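One structure is given here, and the rest of the page talks about it.
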Amino acid sequence: MPELAEVEYYRKQWNPGLGHTVHKVLTHPNARIFRDAPATAVRKALTGRTFSASHAHGKQMMFEFSDGGWLGLHLGMTGKLYTAAVDHKPEKSEHLALVLDDLQLVFSDYRMFGKLTIDVTDDGEAPDWWKELPPQILDRGFSKKRHEQFVRRFPKTPVKTLLLDQRGFPGIGNWMADEICWRIGIAPQTVSGNLTDPQIEALWKATRKVSRDAIRVIGSDWSDPPQSWLFKHRWKNGGNCPRKDCRSELLRADLRGRTTCWCPRCQG
DNA sequence: AAGTAGACCCGACGAA
DNA sequence: AGAGTTCGGGTCTACC
């Protein structure tokens, strides 16, 4: 579930720990989330360091610690971040907890599709892989030109599938991809080679608009999106298109392995 | 099921 | 014609 707005929400959940020192790191060492960074390395790197800042980039997060300590997190499908009491005992799905002075920073993930990375840099700079992530949708680097080049590069791929490609649209996930297609009235199955120039520009605009809206509504305090979004109707059987002059029954089908929802009338 | 790494398959390119 | 420790696009599945 976590797409860029939910990621932004979760990133902030650890804020109460800013400025505090990690006294102890609790782990379930065999949990799959440690596949890229062994639990021992995480414990060693973070114990004694002070939590100084956090960053989000698409679906990725980076937590910054004193003296060049960097903890990268990806939430996968079921990852969650929150704080707990300092004497909290880790539950089964709480695979990582950073124990500070008076609270714990907890990473829970019951399906363990999430993962973490650990980097310690000499110069205190963020690790290279972080700096080299593709431009964020709301940054200047996400230009109309770059967007058009990316879309034109995969002419056989359906637009919806393309929107899920993190190299081109970092942070877009399943519901946002459908929301974007719906707002510009393009069927998600349309292969991008069939898109006109104006449609590609509309796609660029809608991608930015949906990202901004989602971060404002969900990213701040996980508010419920308004009824006017496709999001509110997409999961239930027999949901209807929220557009006032439409109200057609929404369709759902598998597209390249992902559940896809669209309005047959608005996105004919 | 809201995510993705990796295996697989395919076609383009065009060696000696 | 058609190599290949190719290369990149495109699809599917395992992960739990």
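Reckoned from all heavy atoms, side chains included, excluding hydrogens, waters and symmetry mates. Keep in mind the model is a prediction, meaning the values are calculated, not measured. Each chain gets a letter, A, B and so on, in the order its sequence line appears, and its residues count up from 1.
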P gap between C:dT5 and C:dA1, integer Å: 23 Å
Gap in Å between the two C1' atoms, one belonging to C:dG10 and one to B:dA2, rounded: 23 Å
To the nearest Å, give me how far apart [atom1] ([X]) and [atom2] ([N]) are.
{"X": "A:Arg35", "N": "B:dT4", "atom1": "CZ", "atom2": "P", "answer": "11 Å"}
{"X": "A:Leu75", "N": "B:dA5", "atom1": "CG", "atom2": "P", "answer": "14 Å"}
{"X": "A:Arg152", "N": "C:dG8", "atom1": "CZ", "atom2": "C1'", "answer": "20 Å"}
{"X": "A:His74", "N": "B:dA2", "atom1": "NE2", "atom2": "P", "answer": "15 Å"}
{"X": "A:Met176", "N": "B:dA2", "atom1": "CE", "atom2": "C1'", "answer": "12 Å"}
{"X": "A:Asp109", "N": "B:dA1", "atom1": "CG", "atom2": "C1'", "answer": "14 Å"}
{"X": "A:Lys236", "N": "B:dA2", "atom1": "NZ", "atom2": "C1'", "answer": "16 Å"}
{"X": "A:Arg234", "N": "B:dA1", "atom1": "CZ", "atom2": "P", "answer": "12 Å"}

Sequence neighbours excluded, every pair satisfying salt bridge (Lys or Arg N to Asp or Glu O under 4.0 Å) that has a member inside residues 50-69 of chain A: none
Where at least one partner belongs to residues 32-53 of chain A, residue pairs that pass salt bridge (Lys or Arg N to Asp or Glu O under 4.0 Å), sequence neighbours excluded: A:Asp36-A:Lys115
Look for any protein N or O under 3.5 Å of an N or O in nucleotides 8-11 of chain B and output each such pair with its distance, or none.
none

Under 4.0 Å protein heavy-atom contacts per nucleotide of nucleotides 11-16 of chain C, with B for base, S for backbone only and - for none: S---BB
Of A:Gln60, A:Met61, A:Glu3, the residue whose pairing with A:Leu75 passes side chain to side chain contact (heavy atoms under 4.5 Å, CB included): A:Met61
A:Tyr10 backbone acceptor or donor facing A:Gln13 side chain under 3.5 Å: no
A:Arg252 side chain to A:Arg234 backbone, donor-acceptor under 3.5 Å: yes
Co-members of the apolar cluster containing A:Trp129 [side chain, <4.5 Å]: A:Met62, A:Trp70, A:Trp130, A:Leu133
Members besides A:Trp182 in its Ile/Leu/Val/Met/Phe/Trp/Tyr cluster (side-chain heavy atoms under 4.5 Å): A:Leu230, A:Leu250
For A:Val217, side chain to side chain contact (heavy atoms under 4.5 Å, CB included) partners two or more places apart: A:Ser223, A:Trp229
Side chain to side chain donor-acceptor pair (under 3.5 Å) against A:Thr47, all qualifying residues, sequence neighbours excluded: none
Under the side chain to side chain donor-acceptor pair (under 3.5 Å) test, residues paired with A:Asp224 that sit two or more places apart: A:Lys232
Watson-Crick or G-U stems involving DNA chain C, each at least 3 pairs long, distances under 3.5 Å, ordered by first number: B:3-12 with C:6-15
Short side-chain N/O contact to B:dA2 OP1/OP2 from A:Lys59, under 4.0 Å: no
Contact list for residues 242-268 of chain A, test ring-ring contact (aromatic ring centres under 6.0 Å, His included), sequence neighbours left out: none
Let me check something: any side-chain donor-acceptor pairs from residues 160-172 of chain A under 3.5 Å, sequence neighbours excluded? List them with distances.
unit_1	atom_1	unit_2	atom_2	d
A:Lys160	NZ	A:Asn174	OD1	2.7
A:Lys160	NZ	A:Asp178	OD1	2.9
A:Lys160	NZ	A:Thr259	O	3.4
A:Lys160	NZ	A:Thr260	OG1	2.8
A:Asp165	OD1	A:Arg167	N	2.9
A:Asp165	OD1	A:Arg167	NE	3.1
A:Asp165	OD2	A:Arg167	NE	3.3
A:Asp165	OD2	A:Arg167	NH2	2.6
A:Gln166	OE1	A:Gly171	N	2.9
A:Gln166	NE2	A:Leu164	O	3.2
A:Gln166	NE2	A:Ile172	O	2.8

Sugar-phosphate, base or nothing in reach of A:Gln166, heavy atoms under 4.0 Å: sugar-phosphate
